[in-house]
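The structure follows.
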Amino acid sequence: MEVLKYSYLDEKIDEVKEQGFLNYRTSELPTWCPGCGYFGITHAMVQACDALGLKNEEICVASGIGCAGRYPIFMKAYGFHTVHGRSIPIASGIKLARQDLTVFAVGGDGDILGIGGGHLPHIARKNIDITLFLFDNSIYGLTKGQTSPTTPLSQVTNSHSQGNPDTPLRPVFLALAHGASFVARCYAGDVEGMKNIFTQAISHKGFSFLHIVSPCVTFDKVNITWKRLRENFRAVPSVHDPSDYRAAIQMAEDPRPIFGLFYHDPSRQSYQENLRGKRSPENSKSSER
Amino acid sequence: MTNVDIVIEICGSAGEGTISAGEILSRFMSSQGFEIMSFDSYPSEIRGFGKCVAHSRISNRKILSPGKYADILIALKDAHSISQLPSLRETGIVIYDNKPPNYLEEDKSIAGWIEPGMISYGVPLLELAQKAAGNSRGRNMVAIGALAALFQIDDEAMKASIRSRYAKKKQIVIDSNLNSFQEGFEWSKKNITKIDPYTFRNVRLKKSNKSRAIINGNQAVAQAALDSGLHLYAGYPITPATKIMEILSKELPKKGGIMIQTEDEIAAIGNVVGAGFAGKRAMTATSGPGFSLMTELANLAVMAEVPAVIINSQRGGPSTGVPTKTEQSDLNIALSGGSGDSPRIVIAPTTVEECYLGVSLALYLAEKYQTLVVVLLDFFLSNSIRNIPMPEPINKKWLKGNIAPTKTELKDYKRFKNTESGISPRAIPGTPGGMFVTTGLEHSEQGKPQYDRETHHQMTRKRFRKIQNAINEAPKPQWRGPKKDISVGVIAWGSTAGSAQEAVIKAQKEGIKAALMSSMLISPLPADSFRKFSKACQKILVPELNYSGQFANYLAPYLNRPIERLNMVTGLPMSAEDILDKIREMAN
Amino acid sequence: MAENVPCQHACPAQTNIPGYIRCIVEQRYGRSYELNRMVNILPGVLGRICSRPCEEKCRHGEADLGQPVNICHLKRAAADLKSPWHRIKENLYTPSDKKVAVIGAGPAGLAAAYELATLGHKVTVYESQERPGGMLMYGIPEFRLPRDIVTLEIDNIIRLGIDLKLGVSIGKDLPLGKLMKTYDAVIAATGCLHSFALSIPGEDLEGVYSGLDFMMRINTGEKPAIGSRVAVIGGGFTAIDCARMAIRLGASKVSVNLRKTEEYMRIDAHEKKEAKFEKIAIYGLVQPVRIMGEKGSVTGITFERTRLKYLAEPPYRVAVPIENSEFTIPIDTVIVAIGQYPVTDYIKPKLKLNGKRIWTAPDTFKTSVKGLYAAGDCITGATDVISAIARGRKAALEVDALFVKHKRKKTMVRIESSEQTDRKRSDDFIPRSQMATLGPRRRLVDITKEVELGYDAIAAEEEAKRCYLCYLKYEIDVNRCIYCFACIDVAPRDCIKMIKDIDIKKDGSYGELVETGEWNNVVAIAIDNKRCIRCGQCLEVCPVQCISVSKVELIEQDMER
Amino acid sequence: MPKNDHYVIIGNGPAGNKAADRLRDRDKEARVTIISDEAFSFYYRYKLPDFIAGRISEDALKVRPYTIYKEKNIRLRLGQRVERIDPDEKVLYLKHMKKVGYTKLILATGGSPRVPPSFIRFMEYFTFMTNYNDAVRIRPELQKAKDIIVIGGDLISLRFIKMLTGMKKNIYFILTRNCFWPIELTSRMAGKISSSLEKKGIKALVDTPIAAITRQKNKLLLETGDGQKIRADMICSFLGLKPNIDFIVGSGIDTEKGILVNEYLQTNYADIYACGECAQIYNPKLKDYWISIGSENAALQGETAALSLLGAHKVIKPVPKNLLNVGGVSVNTSWWKQF
């Protein structure tokens with residue numbers, strides 16, 4: 001009888017070991033609810049780091065509070081689990097202090113769009129070279145299911161038992177409006193796609209905004225669920241030109257979950273470049289807006 | 001040769017150049033070899049009708065306090081000046097515009113309020129300004145010119161000073177200012193008969209002033225930051241700290257640093273904490289309302305053991321309060337603002353010199369002790385221009401404070417190792433093998449969130465313990481006056497210390513055995529020194545510019561004795577006279 | 001594979017157990033029967049008397065998982081419930097000119113004959129008894145195995161053109177040498193017909209029977225005389241059969257006496273339960289010392305107490321008598337059923353033996369005599385029917401390989417992807433359905449009446465639904481997995497693991513999954529198919545649908561050369 | 001001995017408690033833990049009938065208060081069931097997915113109600129009363145019941161009957177000789193018992209086989225082998241106890257009827273001991289394996305096991321015959337011979 005057991009797994013294990021993304025994890029097991037989309041995001045992030053060959057010690061991750069805020073604890077890098085809503089300023093501080101570091105800001109929807117919402121326009125217009133991972137599960141998870149800035153209208157939550165009365169924010173639209181130079185939306189279940197976008201985002205010189213849609217498996221069983229995301233998932237059309245701002249805006253207005261790279265302006269100078277005296281309005285498309 | 005000690009106040013509306021006139025005067029006088037102490041008080045409105053007062057004390061001897069009463073009041077705006085009159089000495093001099101464009105009612109003209117014993121000189125400020133430059137803007141220069149004429153100030157030297165002040169401006173600006181000055185000077189010389197005793201002529205001055213700097217507290221702060229290797233300044237404009245940002249905006253990039261103006265104070269401290277985490281020196285400056293916003297992230301710096309320096313130039317509070325008045329009412333929030341048991345180092349310079357020293361110390365202590373350092377200035381100290389000796393070069397040790405982990409320590413790296421001193425070696429991002437997570441959650445030695453009672457207890461102790469050693473690194477508290485049998489011991493902090501010193505000296509002259517104790521380092525408190533002082537005193541007085549006696553309250557448990565308080569919240573610096581009165585009262 | 005489908009691996013014939021159980025759920029009883037028949041020519045028989053090594057290994061019987069599936073009962077259900085017009089499916093090969101003789105029409109011999117016949121060879125079976133079936137016909141009591149079932153299934157074998165010569169005893173009626181010359185190959189499947197004796201004083205007394213002898217006498221229509229107090233010595237199937245038969249023959253007190261303890265009895269729990277139900281006492285830690293008698297018949301038996309002794313190499317326990325611990329109990333009949341050994345004296349010249357058993361070269365079934373093969377109990381000692389069938393079949397394939405010069409069949413693994421899990425989690429909580437049995441009194445009324453009454457379609461389906469279908473292999477696609485633990489969270493037991501590696505054993509096969517709790521070592525989240533109970537929960541919750549199900553079956557394929 | 005020794009005792013009965021006390025007396029440092037799947041404290045089992053009758057309170061059942069365990073520093077894990085023993089790894093697996101390690105283990109699991117194979121098919125109709133939980137459960141049922149059938153013949157059943165007569169119940173007693181496990185009553189003894197019971201107005205049937213039991217409305221109908229039909233509200237089974245060894249079989253610890261131990265009460269593992277009703281001891285003097293019943297024996301064995309465990313190598317001896325007068329018949333409660 002032929003031995004057939006884990007041969008598939010065995011190959012995969014070797015493959016995974018070769019890939020080396022494990023080097024970007026800490027020994028701590030993530031504490032998110034099983035099935036949480038954040039696992040997917042995390043997985044794609046370490047894979048992107050691996051793909052780019054980043055050195056652990058040269059990665060700094062600043063996060064806020066909330067489920068997403070726990071992220072740095074699970075990533076082998078210099079991590080800073082900060083206070084609610086402030087991952088962007090802290091990440092910018094790190095980047096401003098240390099041009100040589102790769103800096104991630106990580107936060108949830110409440111973190112980045114709610115309490116820390118004021119920082120988003122400014123990081124976008126300043127174009128400081130950090131990568132912002134917005135883990136958007138459209139709910140306040142760690143405080144047990146209250147309405148967040150992206151909770152769909154009329155969804156029943158623990159803070160709005162009669163349904164959410166607030167119109168949700170549109171993060172991608174916002175980022176585009178604020179002038180972010182790299183804007184993408186990802187789907188937490190699509191590791192390959194995320195990895196691809198993350199790699200581009202991290203390489204982008206300037207602020208990259210990554211809106212990552214993830215279900216909250218514990219507090220939203222109705223609206224943004226794995227099943228619904230899987231079924232409605234649409235990729236950005238292949239004909240879309242990421243440098244086309246107007247097309248990006250149009251897509252961002254589309255209520256359907258479109259995932260992919262919306263907008264990328266590689267020519268825009270980062271804050272640091274601007275500081276270095278390369279200020280020239282002609283170079284920047286954003287000045288047109 | 002005579003001695004001089006003259007307080008000049010220029011009072012006008014915002015936008016009339018009141019402050020710049022005061023500045024020009026102070027700088028010039030300082031450059032002439034006078035000791036100066038000047039500060040401005042201005043409204044939060046930029047234009048319009050807010051009252052501005054440029055206050056300068058000019059003397060050939062050491063100045064310890066701004067002086068309670070003005071000797072000379074230049075009234076650029078009558079309405080404001082009337083309200084400023086109470087601060088004029090009974091025998092003071094008022095220079096006013098005697099040809100305003102409109103007729104003023106009796107009670108709306110300063111001249112109508114001048115008390116008997118005061119001297120008033122009317123100068124057609126507006127008319128002369130318009131004559132000199134075609135507009136009203138030069139009124140301040142006209143007034144300065146008049147001043148120079150009246151009190152025998154070297155006009156040529158002053159013109160040179162004005163020229164250099166506006167050196168970077170267009171020629172027309174320089175010319176209009178100079179012309180205005182000239183008009184005022186000449187008109188006054190020609191038309192006014194001097195009947196007062198004040199003069200700046202024939203004053204005994206120190207030989208050389210070359211190694212001296214004429215700076216205010218904010219400038220001292222900025223300079224200290226530049227000299228201490230500041231890499232990042234993040235700030236949001238707020239009176240009275242904005243000046244620091246403005247200076248650093250210009251100077252920091254030259255040194256390879258970055259000044260970033262953020263969207264709010266939260267982002268500012270965020271940037272600072274981020275940069276601190278990244279291993280660079282960073283600071284922000286703000287005032288009470290901004291500091292309130294910062295407390296959360298300031299607390300994070302404490303918990304996460306990240307260096308961060310906040311300069312808080314205090315103003316009247318609470319809330320937006322009195323933005324352009326001085327007060328010492330942020331002590332409580334500086335000491336313990338934020339949630340939880342949040343130990344931090346608090347430094348309160350008492351003079352402009354100490355502003356320089358204090359900030360360089362702050363940056364060092366923050367880096368070494370990996371925590372939040374708050375430098376408490378106040379409106380007065382920030383804006384008080386002093387002529388100070390060039391500061392000593394910063395202690396080299398202070399330029400490099402971080403204790404990096406050794407290779408052995410990196411093998412099993414515990415970022416928050418509970419060492420004997422409480423200081424854990426800190427790996428800077430980029431250090432291979434030193435990866436760690438720091439968090440605002442209570443954490444284990446490795447930095448992993450951990451909430452058990454033992455950890456929280458030990459880590460809280462560690463955070464308190466580690467800053468204790470700062471007492472030995474900061475300058476010793478100053479004890480001025482007799483060492484024993486003190487009848488009234490004054491303990492003062494921040495800018496009030498100068499006035500207190502003056503008061504104590506005056507009291508001693510009156511035969512009262514008074515002494516002063518002040519410390520730049522407020523937290524951790526050099527309690528031993530204070531206790532020693534307290535033991536030598538029959539009575540203890542703590543004068544401070546707040547209503548609740550924050551420092552006295554802070555001190556009370558350390559001294560464990562009754563403390564007399566002198567609390568004033570007038571928006572003005574504490575004057576020596578006020579303290580002296582209290583000392584007298586207590587001595588009897 | 002072995003650990004993935006433990007029942008199939010435990011089965012000496014490697015019956016596709018999940019496969020045929022699944023067919024029962026689908027009510028395809030005929031298909032179910034045929035799946036059995038591929039490797040086991042007597043499903044109806046085995047469905048009654050199999051020793052059920054599979055059930056011991058059934059994953060459903062693992063700790064915390066309840067009781068094993070009644071695999072054997074289901075086998076019988078398939079045989080019982082299939083259509084009477086059921087079509088038998090045979091894979092027939094081109095006829096050859098080779099002739100093979102099989103000695104013995106017991107399970108091993110029949111299996112070998114059947115296999116050779118389908119492969120196209122001319123087969124003659126010599127049987128010394130009057131009826132074919134060997135122990136099925138003569139050893140096993142009828143209340144466990146109705147004879148019509150045996151006859152029917154044997155007929156199905158003989159129908160293939162097998163020449164069955166009954167009443168011919170090789171060595172006595174026909175010398176082996178002649179057979180060897182006439183046939184291209186001879187397979188000896190003569191079983192174990194000699195009983196071991198206790199070798200203690202008193203064994204020759206009247207009222208002392210050997211177990212096999214006792215059963216054969218009954219099955220040939222005799223009624224051996226027994227007293228009211230019967231002591232059976234030994235703990236195997238024969239011992240229990242004898243004990244149960246003794247009860248039926250009117251004994252009032254029957255005990256089964258073991259040297260070790262019940263734990264070490266080599267029978268399945270079901271038999272033990274039935275025996276106890278029939279009030280048969282099982283005594284452990286006793287060893288007979290002598291049989292007492294008066295006037296030539298048994299009056300009592302003296303035992304001594306034993307204790308268990310642990311032997312390290314191989315890890316095993318033996319019973320050691322305790323000194324001075326003899327005691328005697330009064331007894332009328334003693335049945336000694338401590339094992340059997342084969343008859344080999346018909347073979348001349350003498351064969352190489354393995355103890356009392358025929359020696360065969362490993363895995364080839366070749367004896368030391370050229371052209372003579374041996375299979376079944378005569379090479380292994382008395383075992384069970386399913387083992388005998390498996391060995392008979394393998395021996396036949398060896399013989400075939402001799403003719404064809406290569407192996408014609410090979411075992412392959414077929415992997416089919418499957419969309420569904422074919423089962424619900426709630427099925428895991430169905431209790432094991434007991435098979436209805438005759439009441440105790442009716443058992444005594446007609447002693448040949450089958451005790452077990454079989455399953456009806458509903459009971460069979462319920463029981464079949466319990467099967468975890470271990471042939472389904474659940475696998476997580478590492479490339480698509482997001483390591484979210486959702487599957488681990490819903491797992492019914494520790495079947496899904498965060499692993500850092502797989503042990504690779506010395507022989508190159510895969511060992512245990514190496515678990516880790518350190519995130520930076522979690523190479524993969526993997527389903528441990530050894531622990532997996534195929535409940536399908538993980539499949540349901542996986543957010544990225546990276547869990548696949550595939551059906552892994554062992555199939556026999558023709559080997560092309 | 002290292003200070004981190006952990007002595008674990010499974011079973012909170014007389015044997016377990018005695019063993020725990022003794023271990024604690026002799027070794028002040030070690031951890032001593034009693035694990036019991038019963039949630040109730042150590043109690044007098046023989047008082048259960050009185051408790052069911054409502055004559056005594058719950059507190060009167062208790063042998064000793066919980067505070068004693070604290071004083072003695074004995075960890076009491078109640079309501080926790082040991083599922084599996086791994087004697088090689090020295091780990092116990094508890095039902096609630098917990099592992100407990102030990103350095104020495106004493107098994108004092110006692111017995112559980114025994115149902116002879118011939119009665120298994122009637123099990124669903126039987127009510128058992130062997131532990132506190134059973135007692136609490138049947139207490140209200142029993143208050144309501146009028147006609148009660150008692151099957152068995154062990155000591156506690158006689159006490160139970162005594163209790164029932166006090167409650168003015170209609171009692172049928174089916175004395176089943178071979179159920180006084182592990183020995184059989186002789187017919188003389190059985191006869192004596194039944195006659196003494198009948199004097200008290202109890203209908204006693206000796207060795208009557210049961211043909212069928214069926215449920216009819218609220219009543220249970222019992223048909224005997226000789227055609228009698230008895231209607232009852234409850235059928236209480238007292239068919240003796242069998243050692244609680246189900247979770248031990250297959251672990252590597254030798255068992256037969258009970259846990260096989262030597263005269264030091266040591267199992268085939270040097271660090272595992274067994275005592276009380278679950279232990280099957282070979283006694284050279286009696287030339288046989290024995291299983292004891294009764295709390296006195298259990299306590300004695302508990303003590304012996306503890307001492308042996310601590311290295312004293314104390315040999316267990318049969319206690320002097322302890323005769324109980326039950327219904328006029330002397331019954332030996334010390335050592336029951338197996339056959």
Side-chain angles (χ1 to χ4, degrees), chain C residues 56 61-64 231 247 252-253 255 257-265 269 272-286 303-311 315-330 434 436-442 493-494, chain D residues 81-88 93-97 114-123 178 181-182 184 209-212 223 225 245-263 267-270 280-290 337-339:
Chain C
E56 270 169 40
E62 285 176 15
D64 296 329
I247 288 274
S252 63
K253 258 190 98 172
S255 65
N257 299 276
L258 313 169
R259 279 162 54 103
K260 288 196 270 179
T261 66
E262 276 184 42
E263 205 183 323
Y264 301 97
M265 282 172 84
K272 205 181 336 185
K273 199 189 89 191
E274 285 298 321
K276 283 186 174 177
F277 181 71
E278 290 171 7
K279 294 194 184 172
I280 290 162
I282 298 176
Y283 295 132
L285 299 170
V286 287
F303 288 110
E304 62 184 340
R305 277 296 190 177
T306 61
R307 61 184 174 82
L308 293 177
K309 191 182 169 193
Y310 178 75
L311 290 186
Y316 191 64
R317 279 186 179 71
V318 291
V320 182
I322 299 172
E323 279 176 38
N324 298 325
S325 64
E326 288 180 12
F327 63 98
T328 304
I329 53 169
Q434 300 300 328
T437 53
L438 282 184
R441 270 188 298 170
R442 289 189 56 199
R493 62 202 305 227
D494 59 339
Chain D
R81 187 181 191 85
V82 178
E83 284 273 282
R84 194 152 61 83
I85 299 177
D86 187 336
D88 298 319
Y93 293 86
L94 304 193
K95 174 94 175 161
H96 54 292
M97 305 300 273
R114 167 176 175 263
V115 181
S118 51
F119 283 161
I120 284 175
R121 59 200 161 126
F122 309 128
M123 236 176 102
N178 76 333
W181 194 86
E184 263 181 38
I210 301 168
E223 286 177 65
I245 56 164
D246 291 351
F247 72 100
I248 297 163
V249 175
S251 65
I253 300 171
D254 283 338
T255 57
E256 201 231 346
K257 297 281 188 285
I259 301 161
L260 294 172
V261 289
N262 61 17
E263 60 264 46
T267 68
N268 57 321
Y269 285 88
Q280 185 176 357
I281 311 162
Y282 184 77
N283 191 297
K285 278 190 186 159
L286 299 160
K287 292 189 185 179
D288 207 349
Y289 289 99
W290 303 85
K337 205 179 168 198
Q338 191 185 349
F339 282 104

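Each chain gets a letter, A, B and so on, in the order its sequence line appears, and its residues count up from 1.
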N-O pairing of C/Arg317 and C/Glu263 below 4.0 Å:
no

If the plane angle is over 60° it's perpendicular, under 30° parallel, otherwise tilted; pick one for C/Phe327 and C/Phe303.
tilted

For C/Arg307, is it the side chain, the backbone, both, or neither that has a heavy atom closer than 4.5 Å to a heavy atom of chain D?
both

Specify which of C/Leu308, C/Leu258, C/Leu285, C/Ile280 makes the most heavy-atom pairs with chain D at under 4.5 Å.
C/Leu285

According to ring pair (Phe, Tyr, Trp, His ring centres under 6.0 Å), who are the partners of D/Tyr269, at least two apart in sequence or on a separate chain?
none

Check C/Gly284 against D/Glu256 and note the closest heavy-atom contact, atom names and distance.
N-OE2, 2.7 Å

Please classify the contact between C/Phe277 and chain D as side chain, backbone, both or neither, with a heavy-atom cut-off of under 4.5 Å.
both

Around atom NZ of C/Lys279, are there more than 12 heavy atoms from other residues, nucleotides or ligands closer than 6.0 Å?
no

Could you tell me which portion of C/Lys276 (side chain, backbone, both or neither) has an atom closer than 4.5 angstrom to a non-hydrogen atom of chain D?
both

Can you tell which part of C/Thr437 gets under 4.5 Å to a heavy atom of chain D, answering side chain, backbone, both or neither?
neither

